[in-house]
Amino acid sequence: MPPPPPTFEILLQTPSAIKTLPQAAQLHAQLITTANGASPACTTALLSLYSNLNALRPSLLLFAALPRPAATAWKHLIRCYTASGLPLESLRCFVRMIGSGVRPDHNVFPSVLKACASAAAIGMARSVHASVVRAGLEGDLYTGNALMSMYAKLKDMGNAAAIMFDEMPQPKIGGGLTRLTHSEFDSEESALSCVEKVFRAMPRRDIVSWNTVIAGCAQSGAYEEALRMVRRMGSENLKPDCFTLSSILPVFAEIVDVLKGKEIHGYAVRLGLHSDVFIGSSLIDMYANCERVEDSFRVFDMLPRRDHISWNSMIAGFVQNGFFNEGLALFRRMLGAGVRPVSVTFSSLMPACTHLTTLRLGKQLQGYVIRGGFERNVFIASALVDMYAKCGNIKTARWIFGGIEQHDEVSWTAMIMAYALHGHADDAIAVFKQMEAEGVRPNYVAFIAVLTACSHAGLVDEAWKYFNSMKSEYGIVPGLEHHAAVADLLGRAGKVKRAYEVISSMPMKPTGSVWSTLLAACRVHRNVELAEKVADKIFAADPDNIGAYVLMSNIYSHAKRWKEAANVRLAMRKRGMMKLPASSWVEIKNEVHGFISGDKSHPAYHGISQALSVLLERMEQEGYVPDTDEVLHDVDEEHKKHSLYNHSERLAIGYALITTVAGSTIRVTKNIRGDYRQG
DNA sequence: TTAGGGTTAG
């Protein structure tokens, strides 16, 4: 009767029994004391143990001890490299394997293809695909799935991808193989069509195959195709699982179809998949994109387990829907829960600071960004450019912009818009030209930015030039915003009739706000007749447009047509429209102080008033004459002067003057919109 | 061995 085999041999035959690194090390130690412990068979078996545990160092040592590594040994090392986040090493290893005369088989290709995707090695990807064909493994299920996944991941990779691969030593993968360049890959066929081609050619498909092709379609914007594929799955008796659902939910988020999204939600609940973290974050995002942020929060709140993406989805959902304070509060909660913020957290959160124009919070957030080493992340940097510009600090905005290594269309546009908002039209146009010179094609938003720049600087001819070039040179159809910018410019330049023509002949229906800008221009240029015409247009579309009432009342006041002005105000009161006083706020020593026009309730009001009197006296000494013309109420001059001096921004400046040291920067923020509400 | 979710400019 043969003796029972030693324990370690049993263990080697059932490698799944080894679950931890110490267990593997223990077995390894026992094994080297035996006679054939150093045999290639034992070494390879140990290598497989270590590589399954993603232990790269011991795997490398064992591999080095093999005089002639067999295909299995290569496979384990390549897999371990890929899993350890070293795709280039993985590919080098694959090239060496071929060089040593070992033929690649169905075991090794999935890891190699995954490495191609991670390294964004497009040329290598094509070579390996050809190698798969030469090995006759096109029909292999796992290899086919890995091929599709690779092409799906390579889809968005730009020039950086080609560069990364070109740094690698040129592979020589057998005879008859050509390495295609990046441009060939792009011009021949889209990555999505590669995914679909592999899918169609597969003799056997499993749920992974379907999920891969569905995700590929969804991520490439082929929404209809993705949905058709989900319906087709059923014909092969496969039911959508949590992978399918988390890939398909972003489609409904994108096309803003909350009904279909809810159907998927219901399906997930019925299958008990709704507590899956992936589905959870897709649901949060879908509801948020459909402006149903309460539903997003309900999903978030009920998740039994949350990872950093669940938190990020909810933070982004809040911020994108204008719930800035809620987004910031959730960020604090996330930190409190011990979840580390990632780059996406900051790029989602930065717009909240921008909209709240709280430079203090933005700077705090930037501190986190710097400590996390995310400063050069193009998403974060673009948001920071925008934040600094909107908080009044264009120099810092420019400095951050300069630190971005690879500018994309968004970061360029953020910088153009930053200059535009500050009235630096020449700089804005220079940046626009530089963007083109560096090979980044301006998009729809970039034209809004450059037209805004022209508009704020009164560059009528420049604006028309850009507007006309949009369609003829760039193939971009001008939208509402572009027409509005041109009309706004014409109005500001006093060409109100021309602006009226542009708006009237727009290919789309003008919104109330487009007409309102013209109405504002009519006020500035004192064209009562046209103003009445424009107001009719606004009230026809939107009888409750409060801004238009206010403007008309002001226009009549300007023209000293007090009776008509009073009629407008009466009409407003009848409709229940109430005036909300203008307000300004200023940050002093990490605290925000708000002031409303005419308000005397601030504890420091006395000091403010004194400071303002001193200041005013000196201003008048130096020749300042208050422009009471802009105070439009039907009251006497002395009252006009009084209401001018108690403007909320003056109160804020007065407070800042008495609480900060000389030479400090004072940043006052004012609400210029929403001065009225329907009460 | 292969598959899924969240981000910046208007």
Side-chain angles (χ1 to χ4, degrees), chain A residues 52 75-76 78-79 82-83 105-114 117 140-150 152-153 205-216 218-219 240-250 253 273 276-286 288-289 307-317 319-320 342-351 354 374 377-387 389-390 401 404 407-418 420-421 443-449 451-452 479-482 484-485:
Chain A
N52 282 335
K75 174 195 89 170
H76 283 119
I78 289 171
R79 201 206 62 79
T82 306
D105 62 7
H106 68 100
N107 283 315
V108 77
F109 277 120
S111 298
V112 177
L113 293 164
K114 197 175 179 176
D140 178 63
L141 179 64
Y142 280 73
T143 305
N145 287 347
L147 266 172
M148 287 193 293
S149 169
M150 176 189 75
K153 289 196 175 103
R205 303 175 188 127
D206 64 359
I207 184 115
V208 176
S209 324
W210 284 93
N211 285 341
T212 309
V213 74
I214 288 166
Q219 290 158 2
D241 64 2
C242 50
F243 284 84
T244 328
L245 301 191
S246 54
S247 305
I248 209 68
L249 274 167
L273 301 173
D276 179 277
V277 270
F278 284 81
I279 294 181
S281 42
S282 294
L283 281 171
I284 291 168
D285 183 57
M286 185 275 295
N289 241 341
D307 64 4
H308 69 283
I309 300 189
S310 331
W311 287 92
N312 286 340
S313 308
M314 195 60 240
I315 290 172
V319 176
Q320 287 160 357
V342 294
S343 65
V344 178
T345 321
F346 297 112
S347 37
S348 313
L349 211 45
M350 205 58 79
T354 311
F374 302 128
N377 176 298
V378 72
F379 284 83
I380 296 176
S382 306
L384 276 171
V385 167
D386 187 52
M387 195 268 292
K390 294 208 175 109
F401 178 76
I404 301 175
H407 292 107
D408 63 0
E409 49 192 353
V410 176
S411 52
W412 284 109
T413 305
M415 195 65 235
I416 298 168
M417 192 54 95
L421 293 176
N443 64 12
Y444 188 93
V445 188
F447 276 102
I448 298 176
L451 288 172
T452 305
L480 179 81
E481 300 97 323
H482 307 98

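These values consider heavy atoms only, across backbone and side chains, with no hydrogens, waters or symmetry-generated copies. Letters A, B, ... mirror the listed sequences (proteins, then strands); counts begin at 1.
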Open item on the list: Taking the minimum atom-to-atom distance to the side chain of A/D307, which one of B/dG4, B/dG5, B/dA9 wins?
Closed with: B/dG5
TODO: Take atom CG of A/D140 and atom C1' of B/dT2, then tell me their distance rounded to the nearest Å.
DONE: 10 Å
Open item on the list: Determine whether a donor-acceptor pair (N or O, by modelled atom type, separation under 3.5 Å) exists between the side chain of A/S348 and the backbone of A/V344.
Closed with: yes
TODO: Taking A/S282 for its side chain and A/S246 for its backbone only, find out whether a donor-acceptor pair lies under 3.5 Å.
DONE: yes
Open item on the list: Side chains of A/R79 and A/N52, heavy atoms from C-beta outward: is any pair under 4.5 Å?
Closed with: yes
Task: Side-chain donor/acceptor of A/S347 to base of B/dT7, under 3.5 Å - done: yes
Task: Residues A/D285 and A/S313: side-chain donor-acceptor under 3.5 angstrom - done: no
Open item on the list: Once hydrogens and angles are ignored, does a donor-acceptor distance under 3.5 Å link the base of B/dG4 to the side chain of A/D276?
Closed with: yes
Task: Proximal nucleotide (of B/dT7, B/dA9, B/dG5) relative to the A/P351 side chain - done: B/dA9
Open item on the list: Over all strands shown, is A/V277 touching base, sugar-phosphate only, or nothing at heavy-atom distances under 4.0 angstrom?
Closed with: base
Open item on the list: Of the options B/dG4, B/dT1, B/dT8, whose atoms approach the side-chain atoms of A/R79 most closely?
Closed with: B/dT1
Open item on the list: I'd like to know if A/S281 reaches the base of B/dG5 with its side chain, counting only an N/O donor and acceptor under 3.5 Å.
Closed with: yes
Task: Atom-to-atom span, CD1 of A/I214 to P of B/dA3 - whole angstrom - done: 15 Å
Task: Between C1' of B/dG5 and NE2 of A/H308, the distance in whole Å - done: 10 Å
TODO: Can you tell me the distance, in whole Å, between the CZ atom of A/F401 and the P atom of B/dT8?
DONE: 18 Å
Open item on the list: Using the side-chain heavy atoms of A/V208, tell me which of these nucleotides is nearest: B/dG10, B/dT7, B/dA3.
Closed with: B/dA3
TODO: Kindly point out which of B/dG4, B/dT1, B/dA3 is positioned nearest to the side chain of A/N211?
DONE: B/dA3
Open item on the list: Expressed as a whole number of angstroms, how long is the span from A/K390:NZ to B/dG10:P?
Closed with: 3 Å
Open item on the list: Measuring from the side chain of A/P250 (C-beta onward, heavy atoms only), which nucleotide among B/dG5, B/dG4, B/dA9 has the closest atom?
Closed with: B/dG5
Task: Any residue meeting ring pair (Phe, Tyr, Trp, His ring centres under 6.0 Å) with A/F447, in chain and number order, not counting sequence neighbours - done: A/F432, A/Y474
- [ ] Measure the distance from CG on A/N377 to C1' on B/dT8 and round it to the nearest whole Å.
- [x] 9 Å
- [ ] Examine B/dA3: is either OP1 or OP2 under 4.0 Å from a nitrogen or oxygen in the side chain of A/S149? Give yes or no.
- [x] yes
Open item on the list: Rounded to whole Å, how long is the line connecting atom CD1 of A/I380 with atom C1' of B/dA9?
Closed with: 15 Å
TODO: Output the single nucleotide from B/dG4, B/dT8, B/dA3 whose closest atom is nearest the side chain of A/F278.
DONE: B/dG4
- [ ] Would you mind telling me which of B/dA9, B/dG4, B/dT2 lies closest to the side-chain atoms of A/I279?
- [x] B/dG4
Open item on the list: Just to be sure I understand the rule, does A/S209 reach a base, reach only the sugar-phosphate, or reach nothing, if contact means heavy atoms closer than 4.0 Å?
Closed with: nothing
Open item on the list: Let's see if you can work this out: which of B/dG10, B/dG5, B/dT2 has an atom nearest to the side-chain heavy atoms of A/I309?
Closed with: B/dG5
Open item on the list: Taking the minimum atom-to-atom distance to the side chain of A/S282, which one of B/dG10, B/dG5, B/dA3 wins?
Closed with: B/dG5
Task: B/dT7 base / A/S348 side chain donor-acceptor hit below 3.5 Å - done: no
Open item on the list: Whether the side chain of A/D206 and the base of B/dA3 hold a donor-acceptor pair under 3.5 Å is what I'd like checked.
Closed with: no
- [ ] Let me know the distance between CH2 of A/W311 and P of B/dG5, rounded to the nearest Å.
- [x] 22 Å
TODO: Applying side chain to side chain donor-acceptor pair (under 3.5 Å), name anything that partners A/D386, two or more places apart in sequence or on another chain.
DONE: A/K390
